[in-house]
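I am attaching a structure below and will ask some questions about it afterwards.
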Amino acid sequence: MASRAVPHDLHWAVVPDVVDDTNQPMWTCTLCADRKAHRTRAKAQHEEGVLHQTLLQEAELLASKNTTEQDHRAFEHESRARRAAIEDATRQLLAALAHIPPPEAAPSASPQEPPGFNWGLALDDAGETSDPAASLTFESEVTRTVAQALLDKFAESDDEQEEREDADVEEEPIVEPMVSVDNGSQADVNVRKRALPQDDAQIRRHWFPWHDKITCTLDVLTHLPRSVFSQRQLDLFLWLLRINDVDDVPSVRHILRLNAALQRACGIDSIAYKGVLGHTYYVNALDQIIAQEMANPCVRPHLSFYPEDTGGAHLSEASQAARWLHEAPDDVLTPMVRVGSRDFYVHEPLMGDDGKVRMPMRWFTRFQRGKHVLFAKCWEMQACCTDTGNGWVIVKRDDYEIAAANLMKTFPELCTAAARYNLPHPTNILGVCDPKKPADGCSPWSYTDPKLGNPWREQSKGHRVVAFPIWMYCDDTSGNLSKKWNEHNSVLFTAAGLVREQLQKEYNIHFLTTSNIAPPLEMMDGVVEQLESAQKTGVWAWDCMLNEPVLVLPWVLALLGDNPMQSEFACHIGLQAKFFCRNCWCKGRDVAEEQGGDAGDDDSTQSVLSCNSEDARSTVSHDVPADTSSVASGGASDSVSNAGRRVSKVKARAKKALESMSDMVGRVTSFLKPGTPRNKNETAKQLRSYFTMASVPGAKTTIKKERTQSGIKDTFQLAHLETLFKSYKNKRGYTAKQVALSAAIEDLPEHTTNPVWRIRELDAHQDTPVEVLHVVLLGFIKYFWRDCHDPCRTSAGFPPRDSYRTSSGHPPVSFVSS
């Protein structure tokens, strides 16, 4: 076991007048500056923490920066002196070559400037300087001219430098255009290196929650979804940055530690579940994803929280459809609107500016005069006097609306001012009447507690409350890059309040869970559990547009998927069943009716045998061995009877009865008519009946026939039914079987049916939209296109493919190279 590191007393200070239980002094960390008192033996443990290590590295980095800056200034000081010496020597050399006396150098600001040096190139024989006007050779004249020109250049450079210094004092310099990235400071950008920050706190604020720009970009680079970096690749990339003189390159360990800290602070938790079927799977936290969507400035401006009433003029968004506008329960929609500083909630009496009291049931918008205006769909409230006192009777209305701008009194304000307006107290609700059902009389008010009002008013504590509808999606995909199928069932969701242009963008599609072992309904159990928890308490999130916290209420608008997956969600037996539609009770081909009875009855078996007697005989003749071919007629009859039993076992397919024209017309006509819609409650009742039948031994065959007859099959429930069937498999006697079955029923989990039925705002029969890809595009359109483009149809007497044209003169379907 590794020993704990010895703490550094450099970063610790004694807390005055505080000791521990062993009379030892308490310490506080001056580096973390958290003002927490630590025991002496806990100092080393504190120094191993992520925060302390991060601050320690930053302090060491800052110290190294200061040392580097001091070395840099010393180097510049020494270089400046060297350049001054070289420049002076060059001037005197050029002056000697030009045969002119060396210029008197002005006092230089550089320290320890060396004295002038005579190169001795213009001396006469006596050792004195020759006259510049003396006769020179051609080569000497050329050398003198070149040297004079170079001296003039030196003089011009000095004048330009003086002018530049004067200009710097008098006016702002013109900034040379360059391409740069703002790193959060006002420091000049170094083209070759990343400039050292002048204000580290400003850098941190700008790149929060990262330390600086390079840490942010490295973190983004290592989390690209389709280009994951390994630690070895990351180490190589960091070496490449350091070898190219990039400053402040973090280490791999620092990046991994930062990633862990950011994941804890801003990441999405993956919650482990042990499924009721025995599989382990993980589900991402739904509430955290929704909270991040509300705080995302790229997503929040495109979200809608209220349905929109377009009057049927157009339908382009989910908020304009009837599902959100009319069909969704009132208690899952956005429960409040804010008018000025007052909050009006549904299921609470309110007063309009006309003095009438109404009961708002839902809020919606309507586009008027270039903007969306909020309205409330209300029920009428009538004051009533009874023997027990005055109260209110609520009358259901479908056409009672009021604009939010015309609301005057909230529920708390109305409770205070009811006596002043000579009205009954709004908490005294006597009942609810439905004019469409006068025989039912008045039913009690059950939406809320009339004395408390809407419970979200208390839970929100004065903050806004918004509903967050989602599209839930589940489908099977392959987990392999090759063509070999490796089925993974995945559950995802998107925000239904987004506009269509944003809905299918990749960052708006959120992953929840996947597994190649756990079935979809078992994983949906964990998803529904999170959804129920979020609907019960709400999700607190930061609204980046309003800059305030809001309470978010998620709910499921619809379930998306292909036909087999949606049938499984709706507890539908499948498309090959007699009742092949998951939305209604439309009936298809019934084999039992075509055979004149139940396929398993003796009569139907005899009819099958009579229809296939010749085939049975031929089969028997082939099965008889060669040495028994000359058996008596009694043996032959026994063989025929054995063949009949064999045909009965394999349930040979009966010949399909011929359908008359009138039968076909009747079948097609009934198919085109709207069928009786399926109902969530009746399906749940049928599933409960399966458990009632399974509570008695020997009901397996009965339940199987019932599933075939009704077309209702719950694969999630089937696993629990199989557990009950196996519980008494090896028992003898009815009493022993019943005891074992009762014990197995006691061990069943709380939820034994499809978890989709626990989503109270969802009806899997009606809220599973038709999949356009397989039903329409790859359905009748594909086959219609095939029939229209089949060249063999022309020879058979059908019209040519060119005769199939739309009103615009184009073929009904156009494909590339077709």
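The basis for the numbers below is simple: all heavy atoms, side chains too, and nothing from hydrogens, waters or symmetry mates.
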Heavy-atom pair with the smallest gap, counting every atom of Y306 and S319: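 The pair with the smallest heavy-atom distance is O-CB, 3.9 Å.
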Atom CD in Q53, atom CD in E48: separation rounded to 0.5 Å?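 Between atom CD of Q53 and atom CD of E48 there are 7.5 Å.
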Side-chain (R500) to main-chain (S316) donor-acceptor, under 3.5 angstrom: yes
Begin with the C-alpha distance, continue with both residues' side-chain angles, and end with the deciding distance and a verdict on side-chain contact (heavy atoms from CB on, under 4.5 Å) for V299 and Y507. CA-CA 9 Å; V299 177; Y507 61 82; 4.1 Å; yes
Does a salt bridge link R323 with D767, judged by any charged N lying under 4.0 Å from a carboxylate O? yes
Please check: side-chain N/O of Q233 versus main-chain N/O of S230, any donor-acceptor pairing under 3.5 Å? yes
Are W456 and H463 close enough, and set up right, to give a ring-ring contact (aromatic ring centres under 6.0 Å, His included), and what steps lead you there? CA-CA 10 Å; W456 293 116; H463 297 284; over 10 Å; no
Is the Y281 ring parallel, tilted or perpendicular to the Y273 ring (thresholds 30°, 60°)? parallel
Shortest non-hydrogen contact between F468 and A495, atoms and distance: CZ-CB, 3.6 Å
Shortest non-hydrogen contact from G275 to E522? CA-OE2, 3.0 Å
Mind listing the closest non-hydrogen atom pair of V283 and V527 along with its distance?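 That would be CG1-CG2, 4.0 Å.
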Does OH in Y282 sit with more than 12 non-hydrogen atoms of other residues, nucleotides or ligands closer than 6.0 Å? no
Take a 6.0 Å sphere around CD of Q231 and say whether it holds more than 12 heavy atoms from other residues, nucleotides or ligands. no
Taking D219's backbone N and O only, do any of them form a donor-acceptor pair with T222's side chain (distance below 3.5 Å, no angle check)? yes
What I'd like to find out is whether the side chain of I203 reaches to under 4.5 Å of the side chain of H211, using heavy atoms alone. no
Within the distance-only criterion (no hydrogens, no angle test), does the side chain of N244 pair as donor or acceptor with the backbone N or O of V246 below 3.5 angstrom? no
Given 3.5 Å as the limit, does a donor-acceptor pair link the side chain of S270 with the main chain of N284, or not?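 Not a single qualifying donor-acceptor pair exists.
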Do H488 and S478 have side chains that get closer than 4.5 Å, going by heavy atoms?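 Side chain of H488 against side chain of S478, heavy atoms only: no contact under 4.5 Å found.
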Is the backbone N or O of F344 less than 3.5 Å from a side-chain atom of R457, with the two atoms forming a donor-acceptor pair by type?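 No, R457 side chain to F344 backbone: no donor-acceptor pair under 3.5 Å.
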Donor-acceptor contacts, no H, no angles, side chain residues 538-551, under 3.5 Å, sequence neighbours left out:
residue, atom, partner, partner atom, Å
D543, OD1, R300, NE, 3.0
D543, OD1, M545, N, 2.9
D543, OD1, L546, N, 3.3
D543, OD2, R300, NE, 3.0
D543, OD2, R300, NH2, 3.1
E548, OE2, R464, NE, 2.9

Do K43 and W27 meet the cation-pi criteria used here (NZ or CZ under 6.0 Å from the six-membered ring centre, within 45° of the axis)?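 Pair K43/W27 counts as cation-pi.
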Contact check, side chains of V252 and L238, non-hydrogen atoms, under 4.5 Å: yes
Derivation of the side-chain contact (heavy atoms from CB on, under 4.5 Å) call for L503 and N508: CA-CA 6 Å; L503 192 62; N508 287 328; over 6 Å; no
Main-chain N/O of C266 paired with Q292 side-chain donor or acceptor, under 3.5 Å: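 Between the backbone of C266 and the side chain of Q292 there is a qualifying donor-acceptor contact (under 3.5 Å).
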Is there a donor-acceptor pair under 3.5 Å between the side chain of H206 and the backbone N or O of Q202?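 No: the side chain of H206 does not pair with the backbone of Q202.
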